[in-house]
Number of protein chains: 2
Amino acid sequence: MESAIPASLLAVLDRLDTMSEPERQALAGLPWRQQSFQDGAEIIPEGHRPTESCVLLRGFTANVRYLANGDRQLTAIHVPGDFFDLHGLFLKVLDHGVVALTECQVALVKHEHLKRVTADHPHLGAVFAASIAREGALQRTWIVCMGRKDPVRRIAHLVCEMYRRLERAGGARDFQFEFPVTQAEIADLAGLSVVHTNRALQELRATGLMSWQGAEIRISNWPSLVAFAGFDETYLGLRLEEQ
Amino acid sequence: MESAIPASLLAVLDRLDTMSEPERQALAGLPWRQQSFQDGAEIIPEGHRPTESCVLLRGFTANVRYLANGDRQLTAIHVPGDFFDLHGLFLKVLDHGVVALTECQVALVKHEHLKRVTADHPHLGAVFAASIAREGALQRTWIVCMGRKDPVRRIAHLVCEMYRRLERAGGARDFQFEFPVTQAEIADLAGLSVVHTNRALQELRATGLMSWQGAEIRISNWPSLVAFAGFDETYLGLRLEEQ
DNA sequence: CGTTCTTTTGATCACACTCAAAAACGGTGG
DNA sequence: CCACCGTTTTTGAGTGTGATCAAAAGAACG
């Protein structure tokens with residue numbers, strides 16, 4: 001148990017609906033514990049029966065599913081402020097694991113406390129549901145990218161999405177941001193081989209719309225990159241229906 | 001406004017958690033209207049601001065996203081009993097459309113009534129959230145299929161999933177079921193061309209594990225088909241965490 | 001019985017994978 | 001500070017899968 005969850009880190013929930021001051025305080029006052037994970041660590045194993053849900057404080061994590069042949073597929077990337085494990089509150093067993101893509105810090109809140117806070121503030125239950133629904137919208141978007149976009153556009157779309165999400169979380173501005181993720185991880189997200197991910201990345205750089213050196217991404221022509229990727233960001237801004 | 005929504009059609013919600021008799025009755029007693037759609041009809045347009053949510057009574061529908069170049073990607077298929085539009089209750093704007101894959105019937109319930117019923121029976125709010133979370137699990141599974149499974153296994157996986165889901169909804173038994181969907185629609189779901197979908201389907205039939213003639217699917221060797229597809233059905237059975 | 005939609009076949013081409021290895025990078029310790 | 005190590009990125013070459021284009025065969029429907 002530590003001090004309050006930094007207010008800025010509930011930015012994502014905050015975007016989903018206007019919360020009242022008591023609700024905000026109830027969230028910020030939730031008892032929680034903090035845990036650090038190193039790069040590559042398994043934060044939650046696949047098939048786990050969670051008793052806590054997690055807010056990402058620092059770093060990058062991803063949902064992961066492993067296949068029998070050893071392949072793996074990342075199904076989502078989380079940025080600081082994401083309540084990435086919230087659906088665990090409603091499902092007995094998690095259908096995916098969560099892995100640390102970088103060194104990172106996580107705040108863990110017991111389900112019993114989350115249940116209490118939604119009982120005290122029923123509207124927060126709707127905010128949680130909206131958060132889960134929003135994650136669904138992100139996943140649908142990724143299905144579209146996987147099914148109908150070529151690898152270069154797929155990665156371009158990822159860059160657009162990460163920029164907007166990080167911008168909200170305070171981790172990006174002026175069209176540049178740190179994204180310390182390996183090409184092998186991009187490959188596991190995009191459903192590509194590492195080699196082809198590398199070549200797609202080179203092709204994307206060659207467009208001149210953005211650069212990606214080491215962990216540093218710079219978008220030099222946002223409108224063109226958006227058009228190239230076919231990035232329609234409305235799915236990110238989905239807000240809770242007004243009451 | 002008609003008679004009660006057939007109890008069997010809330011099978012999916014029912015599976016997510018044990019509902020009390022009053023809760024069940026509150027659901028079954030919701031005011032609703034019924035609407036029929038013909039094959040190919042747009043049930044909900046992309047970007048719609050829904051004021052109702054839908055239970056599929058008969059037929060098959062799918063979530064759809066259209067791309068600028070005219071391509072489209074189906075991101076989910078719904079079977080009778082699915083409350084397929086429930087996340088619309090929590091999001092202002094829908095990030096996808098819903099299209100009828102066959103002639104079908106839909107029950108529409110006004111959001112105001114759903115809000116009332118969750119206010120009267122707070123536990124139902126959790127059941128709704130679980131339903132949305134389960135849809136997320138289905139989408140994650142499809143991302144894995146798109147990213148890391150070849151077309152033949154992808155379709156095999158679809159068949160396995162459809163069988164299990166229809167079985168629950170009462171639309172499949174003895175390893176056979178009606179699935180009156182065109183190969184072009186399978187292609188839009190699997191992210192393939194129509195031609196290759198056809199060849200993949202032939203290859204799948206050639207395994208002898210199943211047949212697919214017209215709308216009739218027969219699975220002749222369930223365990224082998226499951227193994228071949230890498231189908232792990234735990235993601236379907238996800239239930240609401242016990243209170 | 002023609003019209004339309006759907007499934008199927010054939011042929012060619014481009015894209016993405018695989019295998020293999022080199023280069024670049026980052027961190028560690030001598 | 002440099003040598004060494006493991007990881008990550010990059011290059012090259014060959015192969016196979018899935019897309020595209022075009023058209024025929026088959027079903028469904030009025």
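Just so you know, these numbers use all the heavy atoms, side chains as well, and skip hydrogens, waters and symmetry mates. Throughout, protein chains are lettered first and strands after them, A, B, ... in sequence-line order, and every chain is numbered starting at 1.
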Requested in this report: Just call it for B:Gly40: base, sugar-phosphate, or nothing, with non-hydrogen atoms closer than 4.0 Å on any strand.
Outcome: nothing

Query raised in the report: Within the structure, does a side-chain N or O atom of A:Asn198 lie under 4.0 Å from either OP1 or OP2 of D:dT9?
Result: no

Query raised in the report: Which part of the nucleic acid, if any, lies within contact of A:Thr182, taking any heavy atom under 4.0 Å across all strands shown: a base, the sugar-phosphate backbone alone, or nothing?
Result: sugar-phosphate

Query raised in the report: Picking from D:dT11, D:dC21, C:dA16, which would you name as closest to the side chain of A:Pro151?
Result: C:dA16

Query raised in the report: Angle class for the A:Phe231/A:His157 ring planes (parallel below 30°, perpendicular above 60°, tilted otherwise)?
Result: perpendicular

Query raised in the report: Does B:Glu161 pair with B:Arg165 as a salt bridge, N-O distance under 4.0 Å?
Result: yes

Requested in this report: Give the rounded distance in Å between these two atoms: CD of A:Glu103 and C1' of C:dG26.
Outcome: 15 Å

Query raised in the report: Does the B:Tyr163 side chain pair with the main chain of B:Ala172, one donor and one acceptor, at a distance under 3.5 Å?
Result: no

Report task. Name the nucleic acid region contacted by B:Val194, choosing base, sugar-phosphate or nothing; use a 4.0 angstrom heavy-atom cut-off, strictly under. Result -> nothing

Query raised in the report: For A:Arg205, which contact category applies under a 4.0 Å heavy-atom criterion: base, sugar-phosphate, or nothing?
Result: sugar-phosphate

Query - Gap between atoms NE2 and P, on B:His196 and C:dT9 respectively (whole Å) - result: 14 Å

Report task. Please state how far atom CD in A:Glu216 lies from atom P in C:dG26, giving the value in whole angstrom units. Result -> 13 Å

Query raised in the report: Charged N to carboxylate O below 4.0 Å: is that the case for A:Asp174 and A:Arg218?
Result: no

Report task. Figure out the CG/P separation between B:Asp71 and D:dA19, and round it to whole Å. Result -> 11 Å

Query raised in the report: Any side-chain N or O of A:Gln202 under 4.0 Å from OP1/OP2 of D:dT9?
Result: no

Report summary line: Between CG of A:Asp150 and P of D:dG18 the distance, given in whole Å, is 17 Å

Query raised in the report: If only side-chain N and O atoms of A:Gln183 are considered, is one of them under 4.0 Å from the OP1 or OP2 phosphate oxygen of D:dT7?
Result: no

Query raised in the report: Within the structure shown, what part of the strands sits under 4.0 Å from B:Leu192 by heavy-atom distance: base, sugar-phosphate, or nothing?
Result: sugar-phosphate

Report summary line: On DNA chain C, more 5' by nearest nucleotide between B:Gly214 and B:Arg199 is B:Gly214

Query - Value in whole Å for how far the P atom of D:dT8 lies from CZ of A:Phe179 - result: 15 Å

Requested in this report: Indicate, with yes or no, if the rings of A:His96 and A:His48 have centres closer together than 6.0 Å.
Outcome: no

**Report entry** Residue whose closest nucleotide on DNA chain C lies nearer the 5' end, B:Arg148 versus B:Asp39
**Finding:** B:Asp39

